[in-house]
Amino acid sequence: MRRIIDISVALKSGIKSDPPNMLPEIEYIDHHQSAPRMAEYMGVAISDLPNGEYAAVERVNISTHNGTHLDAPYHYFSRQDEALIPGGRPSMRIDEVPLEWCFQPGVKLDFRHLPDGHIVQPEQVEAELKRINHTLKPLEIVLMNTRAGSRYGEDDFIDSGCGMGLAATMWLLERGVRVVGTDGWSWDAPFSATKKRIAEGGDPSIIWEGHRAGRQIGYSHMEKLSNLESLPGDGFMVSCFPVKIHRASAGWVRAVAIIEE
């Protein structure tokens, strides 16, 4: 038996899924609203169409970073792999991310107990892997389950959950991981927590530090995952192929976990 678990959020307008200036907009056109244009084009009466209906369709105004999506290394910085190649190389766009990265065994790290704004460190990743008795392997897809997953669509969503810092992200990348994901709005700690640290005298290098790891070793991460609490620590596959958008910084994914039972 094969069980497929949806770990994506629904792209939905009218909820608190992003900062106000980034919210998606969806216009729904039903079967009756579309009928007049088709009837006019075909030169027939609307009543000639079955029940006066034509097609349901939606017009969507969204960013590539709305909904569940996979970020390309290009999103984080103009160059990647500076720790691997002298001077690095131009960062991959989403249509250049290897598809082999996007269908691999998954590992779930349960960090729901960590406070909002906490920056996860390597030793916490190691402790969680030890707890689930898992030895990390190259190309495994590592998913971070945070408190933010329970707040999707609520007023505090973008300020909820912990985030991965530079050190923890590099720890994963140095072990061959190339795709990771979170149920939070960002792979990093919420911006509100980072802003507070800066105001208290923090070094500006902490801004987007988890993302910036892609400058050293190119990788991709998913944001706004869902339902991670239903997954075991390991023993499942993850499928997260991105929509192929020419030279884009991200692509939407219908991420799913697959468990063979």
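We're numbering straight along the sequence, starting at 1.
Side-chain contact annotation: His31 with Gln33, donor-acceptor N/O pair under 3.5 Å absent. In the model, Asp6 has no side-chain atom that pairs as donor or acceptor with a side-chain atom of Asn227 under 3.5 Å. With no hydrogens or angles considered, a side-chain donor-acceptor pair links Asp159 and Ser192 at under 3.5 Å. The closest side-chain donor-acceptor pair between Glu128 and His134, if any, does not fall under 3.5 angstrom. His211 and Tyr219 form no side-chain donor-acceptor contact under 3.5 Å, judged by distance and modelled atom types alone. Under 3.5 Å, the side chains of His69 and Glu223 contain a donor-acceptor pair of N or O atoms. Between the side chains of Thr64 and Trp252, no donor N or O sits under 3.5 Å from an acceptor N or O.
Minimum interatomic distance between Cys162 and Val120 (heavy atoms only, all atoms of both residues): SG-CG2, 3.9 Å. When all heavy atoms are compared, the tightest approach of Asp71 to Ala250 is OD1-CB, 3.5 Å. Heavy atoms only, all atoms of each residue included: Gly218 and Arg178 are closest at O-CD, 3.3 Å. Nearest heavy atom pair, residue Ser34 against residue Ala55, reads OG-O, 2.6 Å. Contact record, Gly235 with Ile259: O-CG2, 4.3 Å, taken as the closest heavy-atom pair.
Taking 4.5 Å as the limit, some side-chain heavy atom of Ile94 sits within range of a side-chain heavy atom of Leu70. Lys16 is not listed as a side-chain neighbour of Phe157, based on a closest heavy-atom distance of 4.5 Å or more. With contacts defined as side-chain heavy-atom distances shorter than 4.5 Å, the pair Pro24/Ser17 qualifies. Using a 4.5 Å heavy-atom cutoff, the side chains of Cys102 and Val253 are not in contact. Residues Met164 and Phe111 are in side-chain contact: their nearest non-hydrogen atoms beyond the backbone lie under 4.5 Å apart. Taking 4.5 Å as the limit, some side-chain heavy atom of Leu231 sits within range of a side-chain heavy atom of Phe236. Between Arg89 and Gln80 there is a side-chain heavy-atom pair separated by less than 4.5 Å. A heavy-atom distance below 4.5 Å is not found between the side chains of Ile207 and Arg212.
Linking Ile, Leu, Val, Met, Phe, Trp and Tyr residues whenever their side-chain heavy atoms come within less than 4.5 Å leaves Leu129 and Leu143 in two separate clusters.
Between the side chain of Ser226 and the backbone N or O of Val9, no donor-acceptor pair lies under 3.5 Å. Looking only at distances, no side-chain donor or acceptor of Asp18 sits under 3.5 Å from a matching main-chain atom of Pro20.
Going from atom CG of Leu84 over to atom CD1 of Ile217 covers 5.0 Å, rounded to the nearest 0.5 Å. Between Leu114 atom CG and Thr146 atom OG1 the span is 9.0 Å, to the nearest 0.5 Å.
A cation-pi arrangement, defined by a distance under 6.0 Å to the six-membered ring centre and an angle within 45 degrees of its axis, is present between Arg93 and Tyr74.
By the 4.0 Å N-to-carboxylate-O rule, Lys224 lies too far from Asp183 to be salt-bridged with it. Under the 4.0 Å criterion applied to side-chain N and carboxylate O atoms, Lys244 and Asp95 are not assigned as salt-bridge partners.
Residue Asn133 places its CG atom among 12 or fewer non-hydrogen atoms of other residues, nucleotides or ligands, all under 6.0 Å distant. For Lys12, the NZ atom is loosely surrounded, since the number of other residues' heavy atoms within 6.0 Å does not exceed 12. Glu126 CD: more than 12 foreign heavy atoms inside a 6.0 Å radius. The number of heavy-atom neighbours closer than 6.0 Å to OH of Tyr54, taken from other residues, nucleotides and ligands shown, is 12 or below. Shown here is Arg175, whose CZ atom has more than 12 heavy atoms of other residues, nucleotides or ligands within 6.0 Å.
Using the six-membered ring where Trp is involved, Tyr76 and Trp208 have ring planes that are perpendicular, over 60° apart on the 30 and 60° scheme.
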From CA spacing to verdict: side-chain hydrogen bond (donor to acceptor under 3.5 Å, both in side chains), Trp101, Ser220:
CA-CA 9 Å; Trp101 287 9; Ser220 287; over 6 Å; no
